[in-house]
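This structure is a prediction, so every number in the text was calculated from the model and none was measured. Residue numbers count from 1 along this sequence.
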Amino acid sequence: MTGGGGEASVTGVVVRLKLSLLRNGLRQSAGRRAAYVTSLVVVALLAALQFLGLIALRGNAHAASVTVILLAVMALGWTFMPLFFPSGDETLDPTRLVMLPLRPRPLVRALLVASLVGIGPLFTLSLLVGSVLALAHGGAALVVSLVAVPLTLLVCVALARAVAAANVRLLSSRKGRDLAVLSGLVVAIGAQLVNFGMQQLGSAGLGQLDPAADVLAWVPPTSALGAVDSASDGSYGVAVVQLALSAGLLVLLLRVWSRTLTRLMTSPDGSTLQAAEPSGKRERTSGGPARWLPDGRTGTVMERSLRYAWRDPKTKAAWVTSLAIGLIVPVFNALQGTGSVYFACFAAGMLGIQMYNQFGQDTSAFWMVAMTISSTRDAYVELRGRALALLLISLPYSLLVVVLTTALLDDWTTLPEALGMSLALLGAMLAAGAWSSAQYPYSIPQESYKNVVPGQAGLAMAAIFGGMVGAALLCAPVIALTIWLNVDSGGDRWTWLLLPVGVGYGALLVLLGLRLSAPRTARRLPEILAAVSKG
């Protein structure tokens, strides 16, 4: 397919294929349609609020700084987030097209256009349009804006697809995928640094952004937005150079992407081939730390879950990211003197998320577990073993983060209530996660860089965020008691009771959550197996 008509036909087919995958995924259940529509409405509301906020910056002396830095953060998200987090942009995996007679140039064009279909590009487009409306003054700036907006959007999408394509083999290999853990940790730390930077702006003012924005205005793709500001100031030559920088990056990304696709679709992949280990070097399950686990099915389930957390690259990446963010948020805030002991609860919340989609983490191998579940009792023991394995790590880690944060803030009087709140939150997350795993299971594909199969992205978001809201509601009694004791002038001497209350309430929530989730798991076992085996 070398002609223009052939390339156009390939583009149309790929776009229609993506729309068909999305439509067929939504047709599978009303719950998935509701989840997708809900996520679409939420993103649309956020985009509308962002759009109005950017328009309100028009005429502000620091409008250029704010918009350029916002775009830089958005470009950073486009680069890394598709690798490590579920995304609504269900871009086609290029490795699925290996057997088709397609040349790199039409394939790149087709995948680029298909990547523009989704919630993410729509949100980015609203940011770009709002930014140019805040910056553009005069006819020349308007002309530059007409070029800058589509150019920047294409650069963001091409950047995401080029990085993702380069990491397909990395994330699908046994040893290579472990390197993604470090990348996920870097992204998590970077996101928190951005968060703390925004906190500093609240006290120092927008003028603190000007030095960084002056540099980013020459770094593509933010240079395209800087060109709009330069054209508004009458610096037309500068605007042309800034546009050229973004255009040059787009060309470079497309070439890199094309070469990556060529290598990906023509080179054999032996990264997943495993050499048979000598029998003498195989690990003994009866030795090592495993000997301290309980006997029976509970110990077996705990050992399996811990092995997944250590050996499976995607599970390991999720654990490392949660551990890192759970420590970074309270500690960084404490070091800056703006934190609170209650920020330490972030560790329990992040680790509690690992209880969600427990069966989806097993992927298609869950059928072997499903064969051993024939009653509510079996389902209960299975869920209990998974929860205990998670508690084996999350419980001491949460205690460590609370104590460390308290020490950094030198606020030891609030240690009991912070510990009680943290443990209550951990129990609520485990309870909500067990129920969500049975009610909203989704598949995590292992052969690609995505974290959810096409058609299930909205379901994944609903399962996680809906479960988090449920956990917050379960924690409401402890939160209310904590507020009441701190507001009441005579309640200070009783705040120590929040520690035993939090421990007991969290344990009660875990027991009730497992008891309520077990019969649902046993009853919905065929549906769960079908949902998690799609990847």
Side-chain angles (χ1 to χ4, degrees), residues 31-32 35 38-39 84-88 184 188 301-302 304-306 308-309 312 314-323 325-326 345-363 366 369 379-380 382-395 397-398 424-446 450-453 456-475 506 509-510 512-518 520-521 524-525 527-529 531-535:
R32 292 176 182 173
T38 301
S39 61
F84 309 107
F85 299 97
S87 173
V301 173
M302 292 180 65
R304 182 196 339 124
S305 299
L306 294 173
Y308 279 172
D312 181 65
K314 286 194 175 182
T315 305
K316 183 188 292 186
W319 268 101
V320 171
T321 303
S322 296
L323 290 169
I325 297 179
C345 296
F346 210 84
M350 290 300 301
L351 294 176
I353 293 178
Q354 303 307 315
M355 188 64 187
Y356 291 74
N357 196 35
Q358 276 290 309
F359 308 127
Q361 296 175 15
D362 296 353
T363 63
F366 178 68
V369 178
Y380 174 77
E382 176 71 25
L383 289 171
R384 184 181 63 185
R386 293 172 183 254
L388 289 175
L390 196 148
L391 281 172
L392 197 62
I393 300 174
S394 59
L395 186 58
Y397 190 80
S398 299
L425 176 61
L426 181 59
M429 295 291 289
L430 293 180
W435 186 87
S436 178
S437 296
Q439 184 64 29
Y440 300 110
Y442 58 91
S443 180
I444 302 177
Q446 296 296 302
K450 293 180 289 187
N451 291 281
V452 59
V453 298
Q456 291 188 345
L459 180 66
M461 294 179 63
I464 295 176
F465 290 106
M468 292 173 65
V469 172
L473 294 177
L474 291 175
C475 279
L509 288 179
V510 173
L512 289 178
L514 296 179
R515 289 292 183 185
L516 294 176
S517 302
R520 183 175 294 271
T521 300
R524 300 191 70 249
L525 199 59
E527 292 85 349
I528 296 174
L529 182 58
V532 303
S533 300
K534 291 182 179 298

Practice task
Would you name the heavy atoms of G513 and A431 that are closest together and state the gap between them?
Solution key: CA-CB, 3.9 Å

Exercise for the section: For residues M350 and S322, report the shortest heavy-atom separation together with the two atoms involved. Expected result: O-OG, 3.4 Å

Practice task
Would you confirm whether S517, through its side chain, and W435, through its main-chain N or O, come within 3.5 Å as a donor-acceptor pair?
Solution key: yes

Handout entry: Atom of A434, atom of L514 and distance for their closest heavy-atom approach
Key = CB-CD2, 4.1 Å

Problem - Contact check, side chains of Q354 and M429, non-hydrogen atoms, under 4.5 Å - result: no

Exercise for the section: Could you check if a side-chain atom of L391 sits within less than 4.5 angstrom of a side-chain atom of L426, using non-hydrogen atoms only? Expected result: yes

Handout entry: L351 to L390 - nearest heavy-atom pair and separation
Key = O-CD2, 3.8 Å

Handout entry: Evaluation steps, side-chain contact (heavy atoms from CB on, under 4.5 Å), between I393 and L306
Key = CA-CA 9 Å; I393 300 174; L306 294 173; 4.0 Å; yes

Problem - Residue that, paired with F359, satisfies ring pair (Phe, Tyr, Trp, His ring centres under 6.0 Å) out of Y442, Y440, F366 - result: F366

Exercise for the section: Using a 4.5 Å cut-off on heavy atoms from C-beta on, say whether the side chain of I528 contacts that of T521. Expected result: yes

Practice task
Evaluate the side-chain contact (heavy atoms from CB on, under 4.5 Å) criterion for residues V301 and R384: first the C-alpha distance (whole Å), next the side-chain angles of each, then the deciding distance (0.1 Å), finally the verdict.
Solution key: CA-CA 9 Å; V301 173; R384 184 181 63 185; over 6 Å; no

Handout entry: Min side-chain heavy-atom separation R520-Q439 under 4.5 Å
Key = yes

Practice task
With side-chain contact (heavy atoms from CB on, under 4.5 Å) as the test, would you mind laying out the steps for F346 and L425 before giving the verdict?
Solution key: CA-CA 9 Å; F346 210 84; L425 176 61; over 6 Å; no

Practice task
List for me each residue that meets side-chain hydrogen bond (donor to acceptor under 3.5 Å, both in side chains) alongside N357, sequence neighbours excluded, and say none if there are none.
Solution key: none

Fill in the blank from the handout: When every non-hydrogen atom of C475 is compared with those of A424, the smallest separation belongs to SG-O, 3.7 Å

Practice task
Report yes if the side chains of P441 and R524 come closer than 4.5 Å at any heavy-atom pair, otherwise no.
Solution key: yes

Practice task
Would you check if the side chain of Y308 reaches a backbone N or O of T315 as a donor-acceptor pair within less than 3.5 Å?
Solution key: no

Practice task
Specify the closest pair of heavy atoms between M355 and L430, including all atoms of both residues, with the distance to one decimal.
Solution key: CG-O, 3.6 Å

Exercise for the section: For the pair S437 (side chain) and Q358 (backbone), establish whether a donor and an acceptor sit closer than 3.5 Å, ignoring hydrogens and angles. Expected result: yes

